[in-house]
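These figures come from a predicted structure and were not determined experimentally.
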Amino acid sequence: MLFLGDIFAFSVALFVALIIRFGGFPTNPFFLWHLGEFAPIFILWTATFLISRLYDRRVPAFRRKQAGVIIEAQIINSILAGLYFYFIPAGISPKAILLLDLVTSLGVILIFRIWIVPLFYRVKNEPAAFFASGAEFLELKRELLLHPEKYGFDILDLPVSELENTKVDSIIIDLASNKTEGHLSQFYKMIERGVRFVDVRTLYEEVFDKVPLSVLGESWFLQNISGRSRRGYDLAKRAMDLIIAIPLGVISLLIYPFIVLAIKLEDGGSIFIKQIRVGVNGRPVSMYKFRSMNGSDAGKDVLKSSLKITKVGSFLRKSRIDELPQIWNVIKGEWSLVGPRPELPALAELYAKEISYYDIRHLIKPGLSGWAQIYHDAHPHHGEAVDETREKLAYDLYYLKNRSFLLDLKIAFKTLKILATFAGR
């Protein structure tokens, strides 16, 4: 059903593209002619979907990521389509039509997959056994119990000894736990009954968008934070930084006089403050901000600061206008638009002593906005906050593990939404 539906969706998208391109409904022969030329492309696109596991049976907890997977697949499909029409002679020259079709096909496929398919194909909740211990995994179990319709599991609370006499479709399990080893032979027998095993650590990340800190150890970092080449991603990320930051930096200069006037009218103090922040690989980086407190806090006395936020400063912080000068850090290449927020050296030194593996977040460039800023409700803003920063690290590590160009775009769009609503600060 999904395969045939995708082919139909691609055909509808081509029909819409032809309407936009020629300003009217195409005749049947004209449409069929173009459809014949695009048919090989549509087959290639479904092959990309197959490789991207978009035809796999997935539970709702994983389907939350479907839109992102589709967008990523369509980016690949755009490249395939361009190469196809460049190297293989066609009866048409579809430059404008191909561009329009790439846009319309993405929209139609998203509508079909996310809104239409669920109307006709409702997945029943799977009875699932849960075998994982620890505070974080118990938090996951509570979330699954509270929202069975959201994640597609009906959690059964039963011991391992009763598994053989109970119908379960899935078993959520921590295979890395020592407690599981004594029951592996019994779990192995469940394969013959068609039971699916779900890794509790992967499910935790899917549900909470963060890494469970209790699983961290040297082996976790060796498996997930490797030094493999990311040259293509790094180049794309740097290009995005420059394409967005340069015009944004120039345009922001237009409102500098109004900010300067507001700060001076309130207390007549300095306009900017300069702080040192921890950059990539722990290197210190100078950073300028519009002053938002009743003194020039350079960050040296952050652990015992008595400064207060001014009225103008409160607005600057809520709107994040105080951070506009940091755009020049991005242009210089010291920061990125997206990445873990850079910390003051005094706080970074404190957290490194109190929080295991804290320094690993300095492996990549800091960013103006990051995964923790948009998903961690209680992320620390100012001053010492060890517990909140430990939780924030779970989000930073999730980004470090899963970072990609698509994830950066998602963070960028989420940040724009937060700025538009004056939230998240």
Check: [Y] main-chain N/O paired with [X] side-chain donor or acceptor under 3.5 Å:
| X | Y | value |
| --- | --- | --- |
| S252 | G249 | yes |
| W371 | D209 | yes |
| S52 | L54 | no |
| Y351 | A385 | yes |
| T180 | D174 | yes |
| D241 | L337 | yes |
| N125 | I155 | no |

Report the C-alpha separation of K289 and L316 in whole Å, then their side-chain angles, then the decisive distance to 0.1 Å, and conclude whether the side-chain contact (heavy atoms from CB on, under 4.5 Å) test is met. CA-CA 10 Å; K289 296 175 66 175; L316 295 179; over 6 Å; no
Is it true that [X] and [Y] make a salt bridge, defined as a side-chain N closer than 4.0 Å to a carboxylate O?
| X | Y | result |
| --- | --- | --- |
| D169 | R196 | no |
| R231 | D234 | no |
| K141 | D157 | yes |
| E334 | R283 | no |
| E343 | R361 | no |

Applying ring pair (Phe, Tyr, Trp, His ring centres under 6.0 Å) to F25 and F31, what does each step give before you reach the verdict? CA-CA 9 Å; F25 287 91; F31 172 66; over 10 Å; no
Exceeds 12 heavy-atom contacts within 6.0 angstrom, atom [atom1] of [X]:
| X | atom1 | value |
| --- | --- | --- |
| F8 | CZ | no |
| Y233 | OH | yes |
| E162 | CD | yes |

Heavy-atom pair of closest approach, residues [X] and [Y]:
| X | Y | answer |
| --- | --- | --- |
| W45 | L102 | CZ2-CD2, 3.7 Å |
| L2 | F112 | O-CE2, 4.1 Å |
| L393 | S356 | CD2-O, 3.7 Å |
| K237 | S336 | CE-OG, 3.1 Å |
| D396 | A372 | OD1-CB, 3.7 Å |
| R320 | L368 | NH1-O, 4.5 Å |

In Å and rounded to the nearest 0.5 Å, what is the [atom1] to [atom2] distance from [X] to [Y]?
| X | Y | atom1 | atom2 | value |
| --- | --- | --- | --- | --- |
| L14 | T104 | CG | OG1 | 7.5 Å |
| R341 | H376 | CZ | NE2 | 15.5 Å |
| K274 | Y288 | NZ | OH | 4.0 Å |
| Y84 | N77 | OH | CG | 14.0 Å |
| I173 | F130 | CD1 | CZ | 10.5 Å |
| F405 | L235 | CZ | CG | 11.5 Å |

Between Y399 and D408, is the side chain to side chain donor-acceptor pair (under 3.5 Å) condition met? List the steps. CA-CA 9 Å; Y399 175 75; D408 288 345; 2.7 Å; yes
With side chains defined as the heavy atoms from C-beta onward, is the minimum distance between [X] and [Y] less than 4.5 Å?
| X | Y | value |
| --- | --- | --- |
| V338 | R403 | no |
| I41 | L80 | no |
| L184 | L175 | yes |
| M190 | R193 | yes |
| F10 | D101 | no |
| I76 | I51 | no |
| I276 | M287 | no |
| E136 | F208 | no |

Applying side-chain hydrogen bond (donor to acceptor under 3.5 Å, both in side chains) as the test, list every pair that has at least one member in residues 2-20; sequence neighbours left out.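 Output for this query lists D6-Y55, D6-R113.
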Is it true that F187 and F131 have ring centroids separated by less than 6.0 Å?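 Yes.
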How are the rings of W33 and F30 set to each other: parallel, tilted or perpendicular (split at 30° and 60°)?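 The arrangement is perpendicular - the two ring planes meet at more than 60°.
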Distance only, no hydrogens: is a donor on one side chain within 3.5 Å (strictly under) of an acceptor on the other, for S105 and Q74?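 Judged by distance alone, the side chains do pair up.
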Can you check side-chain contact (heavy atoms from CB on, under 4.5 Å) on I20 and V16, steps first, answer last? CA-CA 6 Å; I20 297 172; V16 174; 4.0 Å; yes
Go through the steps to decide whether K210 and E391 satisfy the test salt bridge (charged side-chain N to carboxylate O under 4.0 Å, His left out), and finish with yes or no. CA-CA 9 Å; K210 61 181 179 180; E391 180 76 1; 2.2 Å; yes
Is there a side-chain contact (heavy atoms from CB on, under 4.5 Å) between V386 and Y358 once you walk through the steps? CA-CA 11 Å; V386 174; Y358 177 80; over 6 Å; no
List the steps and the verdict of side-chain contact (heavy atoms from CB on, under 4.5 Å) for Y256 and F290. CA-CA 10 Å; Y256 273 38; F290 285 112; 3.9 Å; yes
